[in-house]
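Report on the structure given below.
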Amino acid sequence: MLRLSQLFVRTLREDPSDAEVPSHRLLVRAGYIRRAAPGGYTWLPLGWRVLRRVEAIVREEMDAMGAQEVHFPALLPRDVYEQTNRWNEYGDNLFRLVDRKGADYLLGPTHEEMFTLRVKDLYSSYPDLPVSLYQIQTKYRDEARPRAGLLRGREFLMKDSYSFDIDGAGLKKSYDDHRDAYERIFRRLHLPYVIVKAMSGAMGGSVSEEFLAPIEAGEDTFVRCTSCDYAANTEAVATGSLEPDSVGHPATTEVVTPGCGTIASLVDFLNANNPRPDRPWGASDTLKNVVLSLRHPDGSRETVVIGVPGDREVDLKRVEAQVSPAEVEPLDEAGFAAHPRLVRGYIGPQVLGAASAAGIRYLLDPNVVPGSAWVTGANRADTHVLHLVNGRDFSCDGEIEAVEVRAGDPCPVCSRPVEIARGIEIGHVFQLGRLYADKLGLQVLDQNGKQVTVTMGSYGIGVSRAVASIAEVFNDELGLKWPRAVAPADVHVVVTGKNDDAITQAAEALARDLESRGLEVLIDDRNGVSPGVKFKDAELIGIPTIVVVGKSLADGNVEVRDRHAGTNTAVAVGEAAEAVVALSRG
RNA sequence: CGGGCUGUGGCGCAGCUUGGUUAGCGCGCUUGUCUGGGGGACAAGAGGUCGUGGGUUCAAAUCCCGCCAGCCCGACCA
C-alpha cells in the first residue's frame with residue numbers, strides 16, 4: 001500500500017515555468033518526474049511505477065510473439081560502430097566518450113551492431129533461424145535541443161528488437177509479427193496511433209513504417225486521408241494520381257515582364273498587362289523552377305532544377321528523402337555564378353535537361369501534369385513565356401515528389417482529400433534487409449551447405465516516450481487521468497477525517513480489503529491536510545478510481561469517483577470494495 | 001548550430017531601467033492554536049554562493065564581457 005503520508009513525492013500548486021507541453025507540466029507538477037540534467041529526468045516513485053507498468057506490457061507482448069529478452073551494455077566500444085561506419089555517419093547525435101586509456105566509447109543510440117555480432121557469435125546454420133531478440137534499455141542521443149520533457153530527451157528508455165531470417169519471406173513474417181505485437185501493445189496502453197509509411201532512405205526497397213501517436217505536442221507532421229486509411233509521413237507521401245491535361249493550349253508567346261523576378265510580381269504584372277480572357281492569372285498558373293545543389297556521398301556536387309507549380313513551395317525534406325543518400329541545399333551564389341545560363345527569376349525549362357547544352361538535370365513534380373500549360377521564365381532577364389506546354393514545348397528528365405503537401409490534396413489511394421496532422425513517433429518497424437549482416441559478415445549455412453547472408457529487421461518502441469504520450473492524451477484541466485492499465489495504482493483512497501476517528505478506521509479497513517482483492521492502493525492518510533487539498537492532489541495524480549471516505553460515512557456510504565467518467569457515486573461501505581474491483585476490471 | 005526571451009530559498013515571481021539599509025512577496029516547509037468537503041485562519045520560525053567566471057566602481061542582484069543552463073522559433077532528428 002502506498003501511503004501519501006510516507007510517499008516520496010511533492011505536488012506543486014503551480015505549473016513549473018520551464019514546462020510547456022501538458023505531459024511535461026503535469027508529470028512534474030503531480031510529482032512523477034523531476035528534471036535532473038539537460039534532457040534527463042529522475043523518476044520518482046509514482047512515475048517509476050507507471051514506467052514499469054508500460055514496460056511490463058511491452059515485455060509481455062514481445063515474449064508472447066516469441067521474441068527473447070537479452071540485455072546489452074549501453075556503453076559500447078567504438079570499433080564495432082566503425083565496421084558499419086556509423087561512428088562517422090551517426091554524426092553529432094552520438095554520445096562519445098573516452099576512457100582513461102584514451103580509447104573511444106559511445107553510449108548506444110540503438111544496437112544493430114551488437115545484436116548482429118552476437119547472433120554471428122552464437123549461430124551459424126539455418127535451423128537456428130529465425131530468431132527475434134529484444135532488450136529494454138536506456139538509450140542515449142546527444143540531441144541538439146532536448147525539449148518537451150520526456151517527449152524528447154537525451155536519455156530515454158527504449159525497447160529495441162531485431163529479427164534474423166534466412167530469406168525475404170521470413171523477414172516479412174518477422175516484420176508482420178512485430179507490427180501485430182506493436183498494435184496489441186499500443187491498444188493495451190490505450191495509446192491512439194496511426195501507422196504511417198516512412199522513408200527508408202538509402203536502403204532502397206526496404207519497408208519502413210512508423211507508429212505515430214496523434215498529439216499536438218508531437219514533432220512529426222504526417223498526412224492522412226479523411227476517407228480511407230492511408231497515412232504517411234510527409235517525406236514519404238505520394239502525390240495522388242492527377243489527370244493529364246488534354247485541353248488544347250495556344251501557341252507559346254513571349255512577353256516582356258520587367259522587374260517580375262518573383263511569382264507575386266509576375267502574376268500582378270500579367271493581370272494588369274496581359275489579362276486572361278477567362279479568369280485572372282494566379283500563382284498556380286506559373287511554373288517555378290527551383291535550383292538545388294546535391295551533394296553526393298563521394299563529395300561531388302550536382303546542380304539540378306525542379307519544376308513545381310508557382311503556388312507551392314519545395315519541401316526539401318521530401319526531395320532529400322528521394323535523392324538520399326545525397327544531401328540537398330539551395331544553390332548558393334557561387335553555384336549560380338558557375339551556371340550563367342540560369343537567369344535568376346527567369347529560369348525556364350527550355351534550356352534545361354541532361355541532354356541540353358547546360359547539362360543540368362530537370363525534374364518535375366507530378367503536379368505539373370502532362371499537357372498542362374504554364375507561364376514561366378524565358379531564360380532572359382525581364383522576359384517570360386506564356387502557354388508553355390509540358391510535353392509539347394519542354395520535357396523533363398524524370399519526376400520527383402517535391403512540393404510541400406497541403407491539406408486537401410488528393411489521397412494517392414482513393415483521391416479524397418487528405419489532412420495534415422501532428423504526431424509523435426512512438427514506434428518504428430523497419431525491414432533492414434542485409435545491410436548490417438553484409439557489413440558485419442553475418443552468414444549462416446543454408447540447406448544446401450552454402451553460406452547465405454542473414455536478413456534483418458529492427459523495431460523500436462520508446463517506452464519513456466510512451467509514458468509521456470499517454471500523459472499527453474489522458475489529462476484535463478484538473479490533472480492527469482491514467483488509463484487503468486498503466487496507472488501508478490488502481491485506486492486512490494482519500495481519508496478526510498482526523499486521525500483515529502471512525503472515518504480513518506473505516507478507510508484503513510477498506511484499503512486493506514481492496515488490497516486483499518488484488519488491487520494496488522494509494523491511500524491519502526495525511527493528517528492535518530484539508531479535504532480540498534486532498535481532492536486536488538487526487539485529481540492531479542490521476543489514479544482512475546478515487547474513493548472518498550468522509551462525511552457521508554455517517555449515512556453508511558463512501559464516494560466512488562471515476563476520474564475518466566467524472567462521476568461520483570455513493571456506495572454503501574460494505575459494498576465499496578466490490579464496486580471498486582468491478583470498476584477496475586471494467 | 002542561428003534568432004528571441006529568461007536565470008533571485010523547494011515552486012511561482014517582484015526588485016535591475018536610475019548601483020547605496022538587514023534582498024522582498026505568494027505558495028510550500030517547521031512549531032503552536034483554531035479549523036475540518038474543494039489548495040482554510042492566526043501567530044512564531046527555518047531556509048539565499050541573487051546561474052557562473054571575470055570586469056567597472058568607494059560600493060554590483062542591479063552596469064559591461066565571457067561561459068553555463070532553461071523555454072520558444074528555426075536547423076537537425078537511421
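Throughout, a chain's letter reflects where its sequence line sits, starting with A, and its residues are numbered from 1.
Nearest-nucleotide mapping onto RNA chain B: of A:Ala148 and A:Phe535, the residue sitting toward the 5' end is A:Phe535. Both A:Arg154 and A:Pro531 lie close to RNA chain B; mapped to their nearest nucleotides by heavy-atom distance, the more 5′-ward contact belongs to A:Pro531.
A:Arg29 contributes no side-chain N or O that forms a donor-acceptor pair with the base of B:rG10 under 3.5 Å. A donor and an acceptor atom sit less than 3.5 Å apart, one in the side chain of A:Glu559 and one in the base of B:rG37.
Rounded to whole Å, the separation between the C1' atoms of B:rU57 and B:rC63 comes to 10 Å. Of the P atoms belonging to B:rA43 and B:rG19, the separation is 37 Å, rounded to the nearest Å. One C1' atom belongs to B:rG15, the other to B:rA60, and the distance between them is 14 Å to the nearest Å.
For A:Ser530, no side-chain nitrogen or oxygen approaches OP1 or OP2 of B:rG36 to under 4.0 Å. Between B:rG28 and A:Arg10, no contact under 4.0 Å exists linking OP1 or OP2 to a side-chain N or O. Using a 4.0 Å cut-off, some side-chain N or O of A:Ser17 falls inside it from OP1 or OP2 of B:rC13.
Using the Watson-Crick or G-U wobble rule with both distances under 3.5 Å, B:rA46 pairs with nothing in any strand shown. With a 3.5 Å ceiling on both atom-pair distances, the Watson-Crick or G-U wobble partner of B:rG20 is B:rC58. Pair check for B:rC67 finds B:rG51; Watson-Crick or G-U wobble, both atom distances under 3.5 Å. Under the Watson-Crick and G-U wobble criteria, each requiring two contacts below 3.5 Å, nucleotide B:rC76 is left unpaired. Base pairing of B:rC34: its partner is B:rG40, meeting the Watson-Crick or G-U wobble criterion (both donor-acceptor distances under 3.5 Å). With a cut-off of 3.5 Å on both pairing distances, the Watson-Crick or G-U wobble partner of B:rG12 is B:rC25.
A donor and an acceptor atom, one from each side chain of A:Ser161 and A:His178, are located under 3.5 Å apart.
Each of B:rC1, B:rA78, B:rG12 was ranked by its minimum atom distance to the side chain of A:Pro16; first place goes to B:rG12. Between B:rC11, B:rG70, B:rG37, one nucleotide has an atom nearer to the side chain of A:Pro38 than all others, and that is B:rG70. Of all nucleotides listed (B:rG38, B:rA75, B:rG70), B:rG38 comes nearest to the side chain of A:Arg561. In the set B:rC72, B:rC11, B:rG70, B:rG70 carries the atom at the smallest distance from any side-chain atom of A:Arg35. Taking the side chain of A:Thr110 as heavy atoms from C-beta on, and the options B:rC77, B:rC11, B:rA78, the nearest nucleotide is B:rA78. Candidate nucleotides B:rC1, B:rC72, B:rG70 were compared by shortest atom distance to the side chain of A:Asp18, and B:rG70 ranks first.
Checked against side chain to side chain donor-acceptor pair (under 3.5 Å), A:Ser552 has no partners two or more places apart in sequence or in another chain.
A centroid separation of 6.0 Å or more is found between the aromatic rings of A:Trp48 and A:Phe8.
A:Phe72 CZ: more than 12 foreign heavy atoms inside a 6.0 Å radius.
The shortest side-chain heavy-atom distance between A:Ile543 and A:Leu522 falls under the 4.5 Å cut-off.
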